[in-house]
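Just below is one structure, and these are the notes that go with it.
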Amino acid sequence: MNTSPSTTASTANAAPRRSRSPLELAFRQFLRNRAALASLVILGIIVIACFVGPLFLTNDPAANDWGAISIPPTLLGQHWFGTDELGRDLLVRTLAGGRVSLEVGLLGTLVSGLIGVAWGATSGYIGGRTDAVMMRIVDMMYAIPYMLIAILMMTLLGRAFYLVVLTISAFSWLDMARVVRGQTLSLRTREFIDAARATGVSTPGIILRHIVPNLLGVVVVYATVTVPGIVLTESVLSFLGLGVQEPMTSWGVLINDGAQKLESMPWLLLCPAVMLCVTLYCVNFVGDGLRDALDTKER
Amino acid sequence: MALLEVKDLGVRFTRRDASPVDAVQRVSFTLEKGKTLGIVGESGSGKSQTVMALLGLLPGNGLASGEALYAGRNLLTLSQRELNQIRGDRIGMVFQDPMTSLNPFLTVERQMTEALQLHRGVSRREARQKAIEALQRVWIPDAARRIDRYPHEFSGGMRQRVTIATALLTEPEILIADEPTTALDVTVQAQIIELLRELNRDLGTAIILITHDMGVVAGLADDVMVMYAGRTVERAGAQALFENPTHPYTRGLLDALPRIDDSDGTHDIDAPLRTIAGNPPAPGEAIEGCAFAPRCALAKERCHSTRPELEAIAGEKDGWRACLRPVGEMMEVVR
């Protein structure tokens with residue numbers, strides 16, 4: 001055999017090459033998508049600003065600066081986003097509110113994702129009567145007007161942060177369960193599932209080790225749709241006065257406040273609304289990029 | 001004593017409109033220790049469903065009847081839990097398409113060690129070591145490094161060798177291979193056949209080989225069962241069956257094999273390829289007589305109305321056929 005220098009070089013190069021999982025390949029594909037990548041960066045900045053920013057700003061979100069009441073946004077003073085009629089710094093309030101909104105969004109998505117995946121995968125894999133019963137339960141949940149439940153819970157149990165998350169999660173896993181079930185139905189017919197059964201793997205083992213990893217792509221993409229949905233739901237609840245309670249704040253609460261003073265102090269609405277929109281857009285773009293990246297089958 | 005004894009196996013599917021379809025009817029065979037049984041038939045002849053039933057892998061609307069005795073237990077009536085102790089441990093299975101029978105999201109190591117951890121309770125590290133050895137046994141070069149790769153980083157032939165290695169990790173007594181070479185190209189096919197032969201010889205694993213390729217059967221099987229429309233039409237030792245097929249369908253299958261040499265001077269290598277005219281009956285179609293009769297050159301009126309039962313072939317040890325026409329008439333007419 002002719003061992004040319006180039007072949008030895010290529011084998012030498014091949015040796016340390018790391019093995020890449022399908023998800024890793026999708027991620028590399030995702031990095032090539034400029035819009036999605038830019039969105040991810042902006043999103044990252046917003047998230048970091050919301051969680052870390054308030055630590056570096058001198059103002060407490062509830063602190064009043066009586067020397068600067070209702071001033072519009074300015075780069076000259078220390079209130080870049082302006083202040084409200086109580087002299088509270090809007091930038092700090094927007095960031096602190098963003099933290100609550102994002103926390104609700106992420107926590108809600110996590111909880112709804114866990115329930116949705118478990119429910120959908122079990123229902124889809126076992127099939128038959130179990131599937132029918134589990135999906136009818138989902139249908140029944142759909143029929144319940146969640147706003148009504150939310151209003152009831154908030155009025156009866158008080159406006160607490162965990163209650164908001166709980167109420168929203170309790171209803172937002174339904175879509176996830178349906179999507180996951182659909183995907184599981186098609187996965188179930190794949191030969192590697194038969195192969196796993198022929199290996200003697202138990203039903204829970206198949207669902208956990210063979211179905212769920214294959215669902216990750218769909219789940220990740222769908223989660224990016226869920227996050228804005230939940231952030232928006234929280235905003236709606238807050239806008240109706242059912243969200244988190246003062247002095248805690250969220251984007252929804254801020255937008256609600258701002259909307260009432262739209263004519264005199266438009267920045268109170270504008271700043272949090274823009275932040276909310278940018279965030280939602282970015283999440284959607286990221287989701288779009290993820291979908292494209294995961295779409296290309298079997299590289 | 002026979003390792004696996006299948007008696008009167010039937011597989012019935014229930015359609016959405018509740019009408020039954022019999023995919024497999026009255027199939028019986030025995031598999032001896034260390035022997036290879038080839039099950040041959042065209043698509044839809046029920047050969048895959050036969051083994052799926054044995055392993056409890058029928059879809060939800062399928063129901064198996066009859067008996068399949070393995071180690072004194074009827075596989076068809078075992079609970080899922082009991083079956084899980086046998087399949088993947090004592091009985092291994094290799095599927096048709098290695099592109100889809102490996103989980104794309106798990107490394108080869110995770111998939112291979114699963115059976116060992118499940119059935120032998122060995123540690124992950126020990127299982128990994130055994131898996132590497134198994135890969136080496138099926139000629140995967142650089143196995144220690146490759147084992148951490150994902151299936152998409154393997155070629156088709158290599159993947160099939162991985163699935164075979166996986167099935168053999170627990171040293172099963174029976175290996176069921178459902179068209180293991182169909183999805184592979186010819187040179188790789190030959191490697192897989194050679195590999196199966198070697199494993200059968202060295203490890204004494206009995207093999208049930210399902211295929212529609214007579215050539216594959218000829219190279220590997222000790223016994224052959226030919227299926228048509230869910231029934232056994234002929235069952236005999238491989239040599240006897242190839243030298244002297246006693247059923248018109250078997251005869252047709254053998255005649256349909258393309259010849260590339262004429263060393264014995266009896267074949268016209270320039271002649272057009274032979275086929276068996278017509279199509280197999282649709283699943284669920286009611287058949288009164290012999291299912292093959294409409295396509296059979298030898299069929300007489302009686303063949304269309306009376307169903308032939310599987311009968312011992314006179315003067316042939318372990319030879320069975322289901323045909324109303326006498327063996328003696330086979331030779332003259334079809335040729």
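Convention: sequence-line order gives letters A, B, ...; per-chain numbering from 1. These numbers come from the heavy atoms of this one structure, side chains and all, not from hydrogens, waters or symmetry mates. For clarity, every value in this text was computed on a predicted model and none was experimentally measured.
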#### Entry: Nearest atoms (heavy-atom pairs only) where A198(A) meets L55(B)
CB-CD1, 4.4 Å

### Query
Roughly how far apart are L187(A) CG and F105(B) CZ, rounded to 0.5 Å?
9.0 Å

### Query
Does R124(B) CZ have over 12 foreign heavy atoms under 6.0 Å away?
yes

### Message
To the closest 0.5 Å, what do you measure between CE (M93(B)) and OG1 (T199(A))?
### Response
10.5 Å

### Residue among Q85(B), R87(B), R110(B) with most heavy-atom pairs under 4.5 Å to chain A
R87(B)

#### Entry: Heavy-atom contacts under 4.5 Å, residues 162-176 of chain B to chain A
none

### Nearest heavy atoms of S101(B) and A195(A), plus distance in Å
O-CB, 3.7 Å

### Largest heavy-atom contact set with chain A, pairs under 4.5 Å, which of I86(B), D89(B), D142(B), D97(B)
D97(B)

### Message
On a heavy-atom basis, which atom in P213(A) and which in L106(B) lie closest, and how many Å separate them?
### Response
CG-CD2, 4.5 Å

### Heavy-atom pair of closest approach, residues R197(A) and L57(B)
CB-CD2, 3.4 Å

#### Entry: Test log, rule side chain to side chain donor-acceptor pair (under 3.5 Å), inputs T100(B) and E191(A)
CA-CA 6 Å; T100(B) 59; E191(A) 226 169 27; 3.0 Å; yes

### Message
Would you say that F192(A) contacts P151(B) through its side chain, given a criterion of any heavy-atom pair below 4.5 Å between the two side chains?
### Response
no

### Query
Taking everything shown except Y142(A) itself, do over 12 heavy atoms lie less than 6.0 Å from its OH?
yes

### Derivation of the side chain to side chain donor-acceptor pair (under 3.5 Å) call for E114(B) and H210(A)
CA-CA 11 Å; E114(B) 189 166 36; H210(A) 294 275; 2.8 Å; yes

### Query
Which one, R146(B), Q96(B), Q111(B), M52(B), leads in non-hydrogen pairs under 4.5 Å with chain A?
Q96(B)

### Query
Given that the side chain runs from C-beta out, which part of R188(A) has a heavy atom under 4.5 Å from chain B: side chain, backbone, both or neither?
neither

### Query
Is it the backbone or the side chain of D148(B) that comes under 4.5 Å from a heavy atom of chain A, or both, or neither?
backbone

### Message
In the structure I gave you, are the side-chain heavy atoms of L118(B) and V201(A) within less than 4.5 Å of one another anywhere?
### Response
yes

### Task
For F285(A), look at atom CZ and say whether over 12 heavy atoms of other residues, nucleotides or ligands are found less than 6.0 Å away.
no

### Query
Less than 4.5 Å apart, any side-chain heavy atom of T203(A) and any of Q80(B)?
yes

